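Below is one structure, written out as structure tokens, with a few remarks after it.
What you are looking at is a predicted structure, and each value in this text was computed from that prediction instead of being measured.
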Amino acid sequence: MPGNISMPAFTPSVVPPPPVCRGQQTADELEALLFRRHHADALIVAVTREQKIEPIALLALDEKGRVRGLTTALLRILSFHQRDTLMGQPVSELLGVGLDALLASRPDSPLPLGLCHWQAWQLAPVTTSTPSVKTSRAADPLEQAAGEDPGLLHQATVCRRMVDRGISILIQGETGTGKEVWARALHNSSARHDKAFITLNCAAIPESLIESELFGYGAGSFTGALKGGKQGKIAASSGGTLFLDEIGDMPLALQTRLLRVLAEQEVTPVGELRAVPVELNVICATHRELTGLVAEGRFREDLYYRISSLKVALPPLRERQDRRILIRLLLAELANGTVPSFDAEVEQRLLGYAWPGNIRQLKSVLQYALAMTDEGIIRPEHLPDEVLGDDSKPLREDKMRPSLTVVREQQERQLLLETLEHYQWTITRAAAALGVSRATLHRKINRYGLVSPNKGCR
């Protein structure tokens with residue numbers, strides 16, 4: 001550590017926070033490590049009971065002494081509940097001492113912070129240039145998928161221990177929370193990472209075709225079948241990983257066949273009599289509450305217990321503690337070059353929005369904003385209507401220059417057209433990719449006079 005930081009006392013009546021349980025402490029330690037890595041270019045101050053090697057109650061300040069971030073442990077100490085309200089505030093408002101006093105303090109003169117025997121220490125940040133850190137991050141797909149959310153990092157630790165032990169994993173979460181991303185991270189973290197990763201979305205394939213897709217079929221099994229038959233997803237994934245997305249939508253009769261395959265580790269293609277042995281590892285995912293479907297008789301109870309030895313719950317975007325970081329990282333990824341900054345109002349709107357479509361919707365919104373701005377900064381008028389809400393009309397009328405309206409409408413029209421063509425004018429998939437409802441997409445198609453080459457939309 002470079003040295004201690006002298007700090008004047010707070011109100012002496014403040015008492016230390018109660019001790020935290022070991023599980024909470026582990027989450028705090030993970031958050032602190034990632035916090036120091038993320039704020040490597042900031043002045044990092046730790047509030048701690050004594051000079052420790054790994055303090056967890058951390059505060060990051062910019063060059064003007066404004067709050068850039070603080071950890072959950074520090075929020076508990078200071079009895080604050082809303083992290084976002086503290087962003088950008090001067091450190092003097094939070095701790096009662098200015099930046100000059102922090103920087104002028106001597107290493108040999110620590111003073112109480114006012115929280116009984118708590119003191120403040122200046123820390124050397126964890127830099128991202130440390131080779132061991134970079135290697136660890138690159139070699140750990142689960143940590144990358146978890147981002148910097150403490151809860152997800154804890155789940156990544158659990159999954160890492162389970163992934164090669166033959167334990168079935170069920171990923172649960174709202175639509176758009178990244179269930180397939182997590183499944184791929186599980187596969188890439190496993191001993192099977194160099195084998196096939198095969199996906200099947202049980203909700204996206206018609207019930208009449210899902211059986212042949214999953215189990216394959218023999219030559220001449222039905223009208224329209226390929227002459228030589230077709231290998232199914234189960235056989236194709238043998239030795240690797242089969243990811244069954246939205247398994248809650250799998251037809252009941254097919255659930256029975258799947259259960260038998262999981263139990264016997266062999267599959268019989270449609271129209272064939274001889275079973276084919278498989279080395280099967282299945283990861284399932286759903287946005288549905290499977291226990292409710294079991295109670296209603298719509299999902300087999302024995303299959304539920306077979307596929308859910310470990311349940312991974314992915315939080316919705318609105319509940320993730322790393323929302324701010326995630327938004328900025330995704331923007332940088334999508335910008336593919338110079339990354340624009342956020343207007344202060346835009347950032348607050350993005351952080352306060354409910355995100356019903358979660359990360360998938362966030363990606364679409366950022367893509368839209370990048371297409372709309374050419375000023376190096378994203379302003380409220382660059383956001384789509386669903387994020388602006390009831391304020392969208394006055395924002396666009398008051399803040400958009402009339403000369404830009406036509407250009408931006410052309411950009412929106414082009415984005416819609418490219419998305420529709422990419423998904424072959426399948427409205428449901430295109431609307432999901434854009435983060436809007438089917439009704440909204442139909443309205444915009446009519447508004448811009450877009451016409452499918454097949455004279456129809458699905």
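- You'll find the side chain of Leu280 reaches within 4.5 Å of the side chain of Ser237, heavy atoms only.
- Atom CD of Glu143 and atom CG of Leu152 lie 12.0 Å apart (nearest 0.5 Å).
- Just one of Ile247, Leu259, Leu293, Leu170 meets the side-chain contact (heavy atoms from CB on, under 4.5 Å) condition when paired with Tyr304; it is Leu170.
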Pair Arg360-Thr175, side chain to side chain donor-acceptor pair (under 3.5 Å): steps then yes or no: CA-CA 8 Å; Arg360 184 181 295 126; Thr175 298; 5.4 Å; no
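- Note that CE of Met162 is 15.5 Å distant from OG of Ser190, once rounded to the nearest 0.5 Å.
- Between Glu266 and Val276, the closest side-chain pair of non-hydrogen atoms is not below 4.5 Å.
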Show, in sequence, the C-alpha distance, side-chain angles and deciding distance for Tyr368 and Leu415, and conclude whether the side-chain contact (heavy atoms from CB on, under 4.5 Å) test is met. CA-CA 8 Å; Tyr368 180 96; Leu415 177 63; 4.2 Å; yes
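- With hydrogens and angles ignored, the 3.5 Å screen pairs a side-chain donor or acceptor of Thr426 with a backbone N or O of Tyr423.
- Rounding to the nearest 0.5 Å gives a distance of 5.5 Å between CG of Leu303 and CD of Gln255.
- Scored by the ring pair (Phe, Tyr, Trp, His ring centres under 6.0 Å) test, Phe342 finds no partners at all (sequence neighbours excluded).
- At distances below 3.5 Å, not a single donor-acceptor pair connects side-chain atoms of His154 with backbone N or O atoms of Gly151.
- Contact detail for Ser212 and Tyr217: the closest heavy-atom pair is CB-CD2, 3.7 Å.
- Under a 3.5 Å cut-off, the side chain of Asp249 and the backbone N or O of Ala203 do not form any donor-acceptor pair.
- Checking Thr256 against Arg300 by side-chain atom types alone, a donor-acceptor pair falls below 3.5 Å.
- Seen from the ring of Phe197, Arg184 does not count as a face-on cation partner, given the 6.0 Å and 45° thresholds.
- Formation of a donor-acceptor pair under 3.5 Å by the Trp182 side chain with backbone atoms of Ala313 is not found in this model.
- A salt bridge does not link Arg274 to Glu272: none of the charged side-chain nitrogens sits closer than 4.0 Å to a carboxylate oxygen.
- Taken to the nearest 0.5 Å, the CD1 atom of Ile210 stands 5.0 Å off from the CG atom of Leu200.
- Between Ile44 and Leu59, the closest side-chain pair of non-hydrogen atoms is not below 4.5 Å.
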Can you list the steps and then say if Asn358 with Glu174 is a side chain to side chain donor-acceptor pair (under 3.5 Å)? CA-CA 8 Å; Asn358 292 294; Glu174 294 179 7; 3.2 Å; yes
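- Using a 4.5 Å heavy-atom cutoff, the side chains of Ile445 and Leu420 are in contact.
- For the atom pair Leu186 CG and Glu180 CD, the distance stands at 12.0 Å (nearest 0.5 Å).
- Note on Lys230 versus Glu213: salt bridge recorded, some NZ/NE/NH1/NH2 to OD/OE distance being below 4.0 Å.
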Test Val181 against Ile359 for side-chain contact (heavy atoms from CB on, under 4.5 Å), laying out the working first. CA-CA 11 Å; Val181 171; Ile359 297 174; over 6 Å; no
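- Without hydrogens or angle criteria, Arg68 side chain to Ala60 main chain gives no donor-acceptor distance under 3.5 Å.
- A donor atom on one side chain and an acceptor atom on the other are found under 3.5 Å apart for His287 and Glu246.
- Between Arg328 and Glu347 there is a salt bridge, since a side-chain N of the basic residue sits under 4.0 Å from a carboxylate O of the acidic one.
- Side chain of Arg161 to backbone of Val158: no donor-acceptor contact under 3.5 angstrom is found.
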Determine, step by step, whether Gln361 and Tyr353 satisfy the side chain to side chain donor-acceptor pair (under 3.5 Å) criterion, reporting the C-alpha distance in whole Å, the side-chain angles of both residues, the deciding distance to 0.1 Å, and the verdict. CA-CA 11 Å; Gln361 183 189 12; Tyr353 184 62; 3.1 Å; yes
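- Between the side chains of Glu289 and Thr291, a donor-acceptor pair is found at a separation under 3.5 Å.
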Start with the C-alpha distance between Lys363 and Leu330, add both sets of side-chain angles, then the distance that settles side-chain contact (heavy atoms from CB on, under 4.5 Å), and finish with yes or no. CA-CA 7 Å; Lys363 183 176 181 180; Leu330 188 54; 4.0 Å; yes
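- Counting heavy atoms from C-beta on, the side chains of Val346 and Ile377 never come closer than 4.5 Å.
- Counted by atom type alone, Ser189 and Arg160 present zero donor-acceptor pairs between their side chains at under 3.5 Å.
- At a threshold of 4.5 Å between non-hydrogen side-chain atoms, the residues Val365 and Glu386 count as touching.
- Rounded to the nearest 0.5 angstrom, Leu290 CG and Glu301 CD are separated by 12.0 Å.
- Put simply, the side chain of Leu314 reaches to within 4.5 Å of the side chain of Ile171, judged on heavy atoms.
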With side-chain contact (heavy atoms from CB on, under 4.5 Å) as the criterion, how do Leu262 and Ile307 come out once you've worked through the C-alpha distance, each side chain's angles and the decisive distance to 0.1 Å? CA-CA 9 Å; Leu262 292 174; Ile307 65 174; 4.1 Å; yes
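- Salt bridge Arg257/Glu211: present, at least one basic N to carboxylate O contact under 4.0 Å.
- The side-chain heavy atoms of Thr241 and Ile198, taken from C-beta on, include no pair separated by under 4.5 Å.
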